[in-house]
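A quick write-up on the structure given underneath.
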Amino acid sequence: MRTADVLRFARDAAAGYPLRTALSVLAMAIGVAAVVVLTSLGDGARRYVVEQFSALGSNLVIVLPGRSATGGFSPANAVTTTPRDLTVDDAAALIRLPAVRRVAPVVAGNSEINANGRLRETVVAGTVASYRDIRSFKMAQGTFLPEADWNRGALVAVIGAKIQEEIFAGRPAVGELIRLGDRRLRIVGVLKSVGQGLGMNTDELVFVPVSVAQSLFNTHTLFRVLVEARSRDDLEAVKREVTALLKARHGGEEDVTVITQDAVLATFDKLLRALTAAVAGIAAISLAVAGILVMNVMLVAVTQRTAEIGLLKALGARGATIRDAFLAEAAMISLAGALTGYGLGLFGAFVLRQMYPVFPAYPPDWAVIAALATALGTGLLFGIMPARRAARLDPVQALMKH
Amino acid sequence: MAVIELAGIERIFHLGDSVVHALTHLDVGIEAGEYVAIMGPSGSGKSTLLNLLGLLDRPDAGSYRLEGRDVTTLSPDEQAAVRSQRIGFVFQSFHLVPRLTAAENIGLPMMLAGIPAAERARRVTQALKDFGLDQRADHRPDQLSGGQRQRVAIARATIMQPAVLLADEPTGNLDRATGEDVIHLLEVLNQRGMTLIVVTHDPKIGTRARRQLLMEDGELRHDSAAVHLRSVDDNPPGPLSGKGGDDVSPAAPALGERSAPSSTA
Ligand SMILES: Nc1ncnc2c1ncn2[C@@H]1O[C@H](COP(=O)(O)OP(=O)(O)OP(=O)(O)O)[C@@H](O)[C@H]1O
Ligand SMILES: [Mg+2]
């Protein structure tokens, strides 16, 4: 029998039992759609995180006080132990390192902001002028924190777009006075809105000179130090130099953690990839279930068409021909299911993107290929047993069934 | 030349503890172009014999030579090829594929044999015309009468131009007039050279054949070949789709239904 004829015969056979065929196609489609949608979610989360990290600036090395347990970075051991103070002077010393371009110490804490007769809780970040260049902030009004001695900052503040919105109702705020705790500060600038970011939303921050924040929160240690390397290739050198210098300054004790953004990113990337794969695996179980359903349907088909199989044998069909026809039917059901599911999955991802525009919910290529291949594979695999059963039927017995 | 030579054929079925000798000591030769009726009571082994002749079943002992070639030792695929090329089957219950049209059912053996679609279409068109089915080409079996269905089945059985046409009670599901019609159709094919072997319960149909084999308990009880009286010209050829109207006078004693059980415990 010619291949085209086998395919046509199988197609007509599948079409001959529309409800049964449609149900198995649906089962297969749901499996594939589940894989596509869930991996879109997982991979969307990964891309989202990667994009957010990239927005932080790319040549960044981050110094945290305290030594993390393993030396590597992971969200679990980011909480460091028994830190010796990481001071503004430590940060200042880093500027002299050859591979370092910029340094910005950061102190952070919660405080109440009181201005224009309104009061709200806010996060205050104490830092220096270079922070703006490291983070590539754009100003909406005024200027960022002025260049000054890090230990003697002026009583000035820069506010985020949302703070301006809420306290000054969108009116120009430069020159206005605000009260942070018991300090009175003059606003010198308003940041351009950057929208939702990872972790802290800069639109809701108030920036003050690092020394002001230290006295406000009555602390000497820094929350972290951002160090920008001269180039991407210098990242490892910066990491080494920073570690060595701070070790020397801290009496030979390595009590800070130096991480590169790449390491953080790689960790998140790995984590979320694993998550996506796990989710895909769970969804793939439904593909196996669909495969078993296809097998069931094909077994029923063999039973229902026993007389037809006997006839085909009487008309000169070889066992292999009958096997191929039933395998082709199983493959077609699986293929139709896989393609329908792929379409449904893409539509689901599209709906997700419409609902959450910031979330890049696109299915990764590997997941699509794996889902389609698994659907076809299980369909064929589970189709083999019924097809062989059909091919082995005794023609005399088969013809007597009617 | 003998198209079929059976020698010492045995076919034994085991049903639990009991052994059924469906065929025993069977020695039969059938010449090319013969018209043979196989008759006998129910359970006498007629269908078993026909299935064996059609290579749907294998004997437990004995040899079967088809057109001079021993076919019992062939592999399943080789047997399938012989079924495809040399043997045509007509069944009591038609066995048409319900989802296929008349034309597609007729073309089925050619499709299985891998004949190109264009050639198939040509031959199916011709067959539809020959069998008076040109108006029914696109009808499905459930849209056809019993007689039309059997004509489709006969067209299908002969589309590969087999050497032997085997029919197991081809009129069993038809009324008498339609049945005669179908028998006449088969006879015309026989007159054109095809060896025709018909299993029937109907003595009227059985006696139309030039040779009767009477089966009983799996044995060949009577072979009319020795006392063959009818001449070939008794039954003039007519158009395939027409009626075989002439009244055939029985040339052999009528065989009634006997109900002797053939199984031995
Ligand atoms: N697959 C089988 N298993 C067991 N016994 C069988 C099988 N096929 C046939 N037989 C037995 O073999 C004997 C011959 O059966 P067969 O079908 O050839 O009879 P038949 O002459 O065609 O009868 P009928 O006129 O009723 O069709 C019967 O006794 C039957 O019970
Ligand atoms: Mg029978």
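Below, chain A is the first sequence line, B the second, and so on; all start at residue 1.
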Spacing of [atom1] belonging to [X] relative to [atom2] belonging to [Y], to within rounding of 0.5 Å:
X       : Y       : atom1 : atom2 : value
M160(B) : L315(A) : CE    : CG    : 10.0 Å
L56(B)  : D394(A) : CG    : CG    : 8.5 Å
M400(A) : S47(B)  : CE    : OG    : 9.0 Å
E308(A) : L100(B) : CD    : CG    : 7.0 Å

Minimum heavy-atom distance between [X] and [Y], given as atom pair plus value:
X       : Y       : answer
L311(A) : R156(B) : CD1-NH2, 3.2 Å
A13(A)  : R99(B)  : CA-NE, 3.4 Å
V396(A) : N51(B)  : CG1-ND2, 3.3 Å

Assess whether side-chain contact (heavy atoms from CB on, under 4.5 Å) is satisfied between F9(A) and L108(B), documenting all intermediate values. CA-CA 10 Å; F9(A) 188 83; L108(B) 199 50; 4.1 Å; yes
Is the backbone of L399(A) close enough, under 3.5 Å, to the side chain of H95(B) for a donor and an acceptor to pair up by distance?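 The answer is yes, because a donor-acceptor pair under 3.5 Å joins these two groups.
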Is there a donor-acceptor pair closer than 3.5 Å between any side-chain N or O of R83(B) and the backbone N or O of K313(A)?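 Yes; at least one donor-acceptor contact below 3.5 Å.
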Let me know if P116(B) has heavy atoms under 4.5 Å from chain A in its side chain, its backbone, both or neither.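 Both backbone and side chain of P116(B) come within 4.5 Å of chain A.
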Toward chain A, the part of R86(B) with a non-hydrogen atom under 4.5 Å: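 Answer is neither: R86(B) stays 4.5 Å or more from chain A.
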I need the contact set between residues 316-338 of chain A and chain B: heavy-atom distance under 4.5 Å, sorted by residue number.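 Interface residues of residues 316-338 of chain A: G316(A), A317(A), R318(A), G319(A), T321(A).
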Would the number of heavy atoms belonging to other residues, nucleotides or ligands and lying under 6.0 Å from [atom1] of [X] be above 12?
X       : atom1 : result
R353(A) : CZ    : yes
Y362(A) : OH    : no
Y342(A) : OH    : no
D365(A) : CG    : no
R389(A) : CZ    : no
F13(B)  : CZ    : yes

Contact winner vs chain A - Q79(B), Q85(B), R120(B), M110(B), heavy-atom pairs under 4.5 Å: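 If we count pairs closer than 4.5 Å to chain A, R120(B) comes out on top.
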Can you tell if the side chain of M1(A) reaches within under 4.5 Å of the side chain of I115(B), non-hydrogen atoms only?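 They are not in side-chain contact.
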Which one of A314(A), P395(A), A15(A), A4(A) has the most heavy-atom pairs closer than 4.5 Å to chain B?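 Looking at each of A314(A), P395(A), A15(A), A4(A) in turn, A314(A) comes out on top.
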